[in-house]
Amino acid sequence: MRTIRIQAGVFDVNAEIAALTKDAANVGAVVTFTGHVRGDDGLSSLTLEHYPHMTEREIARCIGEAEQRWPLLGATVIHRIGKLMRGEPIVLVAVAATHRQAAFAAAEFLMDYLKTRAPFWKEEDRGGAKRWVEHRESDAQRAKRWE
Amino acid sequence: MRTIRIQAGVFDVNAEIAALTKDAANVGAVVTFTGHVRGDDGLSSLTLEHYPHMTEREIARCIGEAEQRWPLLGATVIHRIGKLMRGEPIVLVAVAATHRQAAFAAAEFLMDYLKTRAPFWKEEDRGGAKRWVEHRESDAQRAKRWE
Amino acid sequence: MTLLYFAWVRQKIGRSEETLALPEGVATVGELAAWLAKRGAGYADAFADPKRLRAAVNQDHVSFDAPVSANDEVAFFPPVTGG
Amino acid sequence: MTLLYFAWVRQKIGRSEETLALPEGVATVGELAAWLAKRGAGYADAFADPKRLRAAVNQDHVSFDAPVSANDEVAFFPPVTGG
């Protein structure tokens with residue numbers, strides 16, 4: 001089961017976990033990652049822009065690679081777009097598997113790949129001063145671990 | 001922030017993530033693990049027994065060790081007891097950190113340690129035939145990785 | 001001392017808790033297990049193979065060579081299977 | 001061909017999308033970027049340092065030596081920063 005959604009609104013983690021587990025008697029483990037807007041350096045909000053259609057395709061490719069590597073029973077990626085205030089959730093990755101090792105590894109893999117492949121861009125707003133977030137070399141390095 | 005609860009009822013993952021993020025402007029990542037009762041080999045329900053007080057102490061020790069290893073901003077462990085039907089959630093581990101690497105590693109560490117240290121015991125019921133779950137050597141091996 | 005039993009140890013013995021005066025000549029968890037094994041059929045069954053058992057003293061996991069004393073809370077149980 | 005611009009590339013150029021006939025002598029993404037850089041101040045600024053840019057052709061990430069043809073959808077953008 002694959003779920004990919006790009007949306008402005010918040011997501012419901014309980015509902016996404018329930019969707020991953022309800023039809024599969026062999027799901028023993030669900031790992032989720034939620035990314036949140038950090039406000040610790042004076043940031044007031046983020047605006048997220050994306051490349052429609054390519055985003056969904058690229059996320060589907062990332063899930064496809066994860067499915068090749070681990071025995072997954074389901075994967076969900078929901079990414080928000082538009083203006084997000086500090087503290088708000090940005091992204092949800094949820095992975096279901098029979099055993100926890102696969103679920104943990106695949107969720108971390110998906111985040112590392114999404115960070116370097118999915119066409120989203122963040123513009124930060126600190127009290128009216130706007131700045132595009134720079135790509136972090138550490139994210140590229142983390143994605144390379146999986147090659 | 002530490003939350004440890006042993007309870008019969010279900011848990012609310014949204015609420016636990018919100019509790020971990022609401023007061024900490026520097027939380028950028030929350031990783032959750034939920035374990036579910038698998039019904040793929042004819043299992044109809046599990047009954048979970050535990051050692052009151054020692055359970056909470058042992059979980060607190062596990063969280064303490066995780067806090068020594070990674071810069072965590074919060075950790076939540078909720079473990080259910082009593083009779084659980086197949087498909088039901090058993091355990092929630094949720095970890096908050098500034099960056100995802102610490103949150104992923106600490107959540108996996110906590111699960112590995114809980115599996116080998118927290119005094120819970122599962123009795124399986126397959127259509128009336130009851131059997132205590134045997135300790136899995138693979139869990140002991142996974143916990144040893146962290147030593 | 002207070003003795004606690006969990007899971008199939010509890011079922012074989014037929015009780016979850018009992019109080020006991022520290023038996024003569026018992027100074028360790030292992031000696032206590034050996035003493036309990038002689039108390040009757042249920043105990044003999046529960047303690048038949050000490051390698052299948054784990055123990056806690058005052059709510060800390062311990063090995064069978066750990067000391068026990070008169071006011072301790074000692075628990076016997078199978079390896080844990082939670083999570 | 002359809003050209004798409006995102007994030008600060010879009011802002012510098014002042015538009016998010018345009019259509020274009022494949023320019024004479026342009027066969028790769030890099031040649032297209034060099035051609036666009038000469039179209040005016042906004043373009044020159046956006047394409048001043050190609051190392052800061054990434055590209056996709058028909059919604060696949062590509063390097064600047066990838067070929068382009070008349071009916072392609074070509075996008076230019078900074079390295080992605082989602083998640």
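Sequence lines set the chain letters: A, B, ... in the order given, protein chains first and strands last, and positions in each chain run from 1.
Atoms CZ and CH2, on Phe6(D) and Trp132(A) in that order, are 10.5 Å from each other to the nearest 0.5 Å. In this structure, CD on Glu49(A) lies 7.5 Å from CD on Gln11(D), to the nearest 0.5 angstrom. Here the straight-line distance linking atom CD of Glu56(A) with atom CD of Gln59(D) works out to 9.0 Å at 0.5 Å rounding.
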Could you check Val80(D) against Trp121(A) for side-chain contact (heavy atoms from CB on, under 4.5 Å), going step by step and ending with a plain yes or no?
CA-CA 6 Å; Val80(D) 303; Trp121(A) 300 274; 4.1 Å; yes
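Crowding of Glu65(A) atom CD: a count of heavy atoms from other residues, nucleotides or ligands under 6.0 Å exceeding 12. Under a cut-off of 6.0 angstrom, the local environment of CG in Asp41(A) is crowded, with over 12 non-hydrogen atoms contributed by other residues, nucleotides or ligands.
Interface remark: Glu134(A) contributes backbone and side-chain atoms alike to the contact with chain D (heavy atom separation under 4.5 Å). At a 4.5 Å heavy-atom cutoff, the contact between Asp60(D) and chain A is made by backbone and side-chain atoms alike. Proximity to chain A is absent for every atom of Arg54(D), based on heavy atoms less than 4.5 angstrom apart. Both the backbone and the side chain of His53(A) come within contact range of chain D, with heavy atoms under 4.5 Å apart. With a 4.5 angstrom heavy-atom cutoff, Arg61(A) touches chain D only via side-chain atoms.
A donor-acceptor pair under 3.5 Å is formed between the side chain of His79(A) and the backbone N or O of Gly83(D).
Chain D forms more heavy-atom pairs under 4.5 Å with one residue of Glu123(A), His50(A), Arg117(A) than with any other, namely Arg117(A). With respect to chain D, the highest number of heavy-atom pairs below 4.5 Å among Ala140(A), Ala118(A), Gly35(A) belongs to Ala118(A).
Looking only at side-chain heavy atoms (C-beta outward), Met54(A) and His61(D) come within less than 4.5 Å of each other.
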